[in-house]
Amino acid sequence: MLTKLFRGLLAGAFLFCPPLVMAQAEPALDERHILLKALLSEDVDEQIRLVQKLQGAEDPMVEQALAAWRQGGVFIYETNGVKTPFLLDPKVEADSKSAAIRIEDGKPLQDEQKKPIRFLAADLTPVDTTSKLRIVIKDDLDLITLSNPDPKVRQAAVNKLGLDQNKSNLRFFQARMEKEKNVKVRRALDEAIAITELADPDANVEAGAARKLGEMRSIAAVDQLRGLVKDTAKKPKEVVQAARISVKQIEEYMFKGMLVGTAFRGLSLAAVLLVITLGLAITFGLMGVINMAHGEIMTVGAYSAYVTQNYFIKWFGSGGRGFEFYFPVALVVGFVAAALAGLLLERLVVRFLYKRPLESLLATWGVSLVLQQVFRSEFGPNNVDVTSPRWLSGSFDVNDVSFAYNRIFVIGFAVFVMALTYFILNRTTLGLQVRAVMQNRHMAACIGVRTERVNMMTFALGSGLAGLAGVCLSQLANVGPSVGQNYIVDSFMVVVLGGVGNLVGTITAALGIGVVDEMLQPFFGAVLGKIMVLSAIILFLQWRPSGIFVTRSRSLEG
Amino acid sequence: MSADRFLSKRETIVLVLLALVVLVLMPCLNAFLPKTSPFYVTDFTLTVYGKYLCYSVLTLGVDLLWGYTGLLSLGQSLFFALGGYALGMHLLLMIGKLGQYHNDLPDFMVFLEYKRLPPHWVPFYHFWFAAAAVVWVPGAVAAIFGFLAFRSRIKGVYFSILSQALTYAACLMFFRNDFTFGGNNGMTDFKFILGHDLRASATQRGLFIASGLLLFGSYLLCRWLTHTRFGKVQQAIRDSENRVLFSGYATANFKLFVFVLAAVLAGLGDALFVPQAGIINPSEMAPDKSLEAVVWVAVGGRGTLLGPILGAVGVNMLKSYATRAFPNSWYYLLGGMFIFVVLFMPKGLVGLPRQLQDLWQKFRPRSQTNPVPAEEDADKVGRARPAEPGTPAPPPPRDETVNGTGSL
């Protein structure tokens, strides 16, 4: 009541000042004048009192000015004894000066000749603030954010303010609730009101809020509720009881969420591993060639994505609709480029070494060194920037578990690649020939299979799959000259664990390693988790030396 | 001396000459010549060659495994680094209060806010404990891993991949700060060894001579071992493990012994490497380092004992030259050399004269000579092949047979 009266008085007092006639919106008028008065006031206590009145202000100029004031960006222009507060335009001009904007009406500040004045930011002395005042301004700004046009920003502000448990915020929450239409923000407001009520002196309100938070499965409130449970001495029994039940409900919910989230991340890690490993499963598993350059062939795919992206930016611009389609094109380019690289590698190096697997390991390692150096001199030693198309970035939440689109895509893509590999190996002539040559090279040659050509095609296919993995990886991780090295040990382990020459085994092993790795990470950290997985694989191979699925053979040397 | 039994006269002479150069001549040139003399060997050169000698000890182990037993272990850098860490811990403790923080604790522990020395560090105040650890730590790790691997008959490329995974896991482990071995910075700033200042010329000479002695000792040991019955079984395992197994030999035990021996050699090598290099950190045990050591053996010539030494010294000399001369294309050189050696020089540098001789035989005008087919197995390097009197003369080489050979 008093506030209203005061505001009215203020407005009345300022009506007679000439510049105010130009001001437009009525509520803004009040708020701006309070702000101006605060800015021009010499008394800190008065300033604080005035600024506190600006809670819940809706005028964007006030918000801007408050934010600027807090950071020392509000200045005062003085001519003929008239003080005019102003801000600097954030846009800095060529001579590093910027235009001055009057806070009262948002118009450019003019000198006596009606010319706009521009200033160098460094030449000006800002209006003073004390730390106490800055805190008050911060509170204002937080409350102002409640009416931000972006629902996500609103939601974040509500969550943050709720945790303050400041009772005076309640009325702003309730006022906002009446206007709010967005479901998520409404939920956040409910939550914030309940959390604020947890600090209420009335035990009934408190217990009710605790129960409500439990029903809402509010993860944000769990710390406060735990605090209540511990505080058995001071708090009434029913409050502690309600809080205890709610904590239990929320913890159960969080645990389920963690399980689902971990399983999802594990699955997507497994999918990446699987796409990388499928290529290896063909070159190593079926052909018996240890290709240490497999990681670098994958990097060829990743860099193809980068190059394709750059061409699309050149053709369509980085924001254009055409740019969104670079990714499918990159998949094709990556496959072809990697397959060609693999073909060259097979023709120039690997084909001489089919009978000397240990030496193929060494020679291809040499190739990997050379390729890494090629990447380094071609694309620079640092990671390059591959932007995901819009439809692959972002995520959605279900019950507080976030699902990233790119991870979902990778899972789907892995399934697709798996189906493709299966189809090629089991339903095409090439696949038939591949299997025949791998089982018995001489016999296949005798019945007219051109084994040399089959070797070539198989190796190219395996490398092409690695290229696809690389394109995929460019959406999830950094692309750099030595990115292949990070995956080579893991993917060899997947093939060995799954059982060499066995695609089903490879799939199982990739799933197993991916999920277990992700499960261990929250408890032991990334590195220790990885070490444990590697040790577990070494021990597992004690029990089943040929991997999970054994390809049975009568050959002694297997 | 037992050496007479297995060393030919020529080999003995070469060895003695080399020993004189390394153990006497180079240190003398360093110690007694004035610095202005053109024959003066600088302290730096001595340290650099000392490091090469240590690498040679490592490669002897690699060759014993790969060249003589057919086991390509990619875990040798781990054993190498373990030996280095064991001695590095002692050297770090010997710095005492002279470190940057002037604390009894090593610098990195002060930095990571340790209150006192972790218990497993305490015995490393004693040099002999550290020296023993140089031998038994790599040995024990190799014994455990080898036992598990050979028991379940993991061989060939699977053994390589698993040993690489082991190295990778250990490398990740040592990179962690809370593993109490200095994290990714490792250990450095060593000052004293057995009370001698590491920067003094005399200490460096001593380390160089010690490296030389270690190398000659390891060489003689390997030479002796490969000539015993044990060595024959070892080579038989390389050529056909199953036949050896079916003849009643427990091949796993043979392999385990060689594996542990190679690990111990590697550990000893790095124990002398670290005081000369002045630093040990986890990147020493990255899987790539193992592969690099294998390259040296391949370049020098595997299955011979001179080859690994030649390879380690030669490739590293080339490396130190090339990284300075063309820093950007050094990897092209290394990678390219590697591919070339594997594809075209399966016997390495040591086998090169023989290979050239065969090539000469092949392209020599046929009318002038008694045709000799290109050897399918150009083993027994450097030894004359007596014409076998009982067998009929081999058929003249036709194009197909010539093309079909040349590979192992």
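Below, chains carry the letters A, B, ... as their sequence lines are ordered, and counting in each starts from 1.
The aromatic ring centroids of B:Phe326 and B:Tyr332 lie 6.0 Å or more from each other. Aromatic ring centres of B:Phe159 and B:Phe259: separated by under 6.0 Å.
Contacts between A:Val367 and chain B at a heavy-atom distance below 4.5 Å involve backbone atoms as well as side-chain atoms. Within the 4.5 angstrom heavy-atom criterion, only side-chain atoms of A:Gln485, from C-beta onward, approach chain B. Heavy atoms closer than 4.5 Å to chain B are found in the side chain of A:Met292, but not in its backbone. Both the backbone and the side chain of A:Val374 come within contact range of chain B, judged by heavy atoms closer than 4.5 Å. Contact of B:Phe175 with chain A is not made at all, since no heavy-atom distance falls under 4.5 Å. Proximity to chain A is absent for every atom of B:Val341, based on heavy atoms less than 4.5 angstrom apart. Proximity to chain B (any heavy atom under 4.5 Å) is shown, for A:Leu371, by neither the backbone nor the side chain. Contacts of B:Trp66 with chain A are made by side-chain atoms alone, with heavy-atom separations under 4.5 Å and no backbone atom involved. Within the 4.5 angstrom heavy-atom criterion, only side-chain atoms of B:Val294, from C-beta onward, approach chain A. With a 4.5 Å cut-off on non-hydrogen atoms, A:Val489 touches chain B through its side chain but not through its backbone. With a 4.5 Å cut-off on non-hydrogen atoms, A:Leu362 touches chain B through its backbone and its side chain both. Both the backbone and the side chain of B:Leu343 come within contact range of chain A, with heavy atoms under 4.5 Å apart. For A:Leu353, the part lying near chain B is the side chain, with the backbone staying farther off; criterion is any non-hydrogen pair under 4.5 Å.
Panel note: side chain A:His294, backbone A:Ile276; a donor-acceptor pair is recorded below 3.5 Å. A donor-acceptor pair is defined here as one N or O able to donate and one able to accept, closer than 3.5 Å; no such pair exists between the side chain of B:Arg176 and the backbone of B:Leu172. Checked by atom type and distance alone, the side chain of B:Thr167 pairs as donor or acceptor with a backbone atom of B:Ser163 at under 3.5 Å. The backbone N or O of B:Ala286 sits nowhere less than 3.5 Å from a side-chain atom of B:Ser290 that would complete a donor-acceptor pair. In terms of modelled atom types and a separation under 3.5 Å, the side chain of B:Asp63 and the main chain of B:Gly303 share a donor-acceptor contact.
With chain A as the partner, the residue from B:Glu292, B:Met337, B:Arg153 showing the most heavy-atom pairs under 4.5 Å is B:Glu292. Interface summary for chain A: among B:Ala169, B:Pro287, B:Ala170, the most heavy-atom pairs under 4.5 angstrom belong to B:Ala169.
A:Phe540 meets the ring-ring contact (aromatic ring centres under 6.0 Å, His included) test with A:Trp543; sequence neighbours excluded.
Contacts from residues 68-82 of chain B to chain A, taken as heavy-atom pairs separated by less than 4.5 Å, involve B:Gly70, B:Leu72, B:Leu74 in sequence order.
Side-chain atoms of B:Thr180 and B:His120 form a donor-acceptor pair, as typed in the model, at a separation below 3.5 Å.
Closest heavy-atom contact between A:Leu274 and A:Thr506: CD1-O, 4.2 Å.
In this structure, B:Tyr331 places its OH atom where only 12 or fewer heavy-atom neighbours from other residues, nucleotides or ligands lie under 6.0 Å away. Shown here is B:Phe147, whose CZ atom has no more than 12 heavy atoms of other residues, nucleotides or ligands within 6.0 Å.
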Steps toward salt bridge (charged side-chain N to carboxylate O under 4.0 Å, His left out) verdict (A:Glu518, A:Arg265)
CA-CA 7 Å; A:Glu518 200 65 41; A:Arg265 281 191 303 275; 3.5 Å; yes
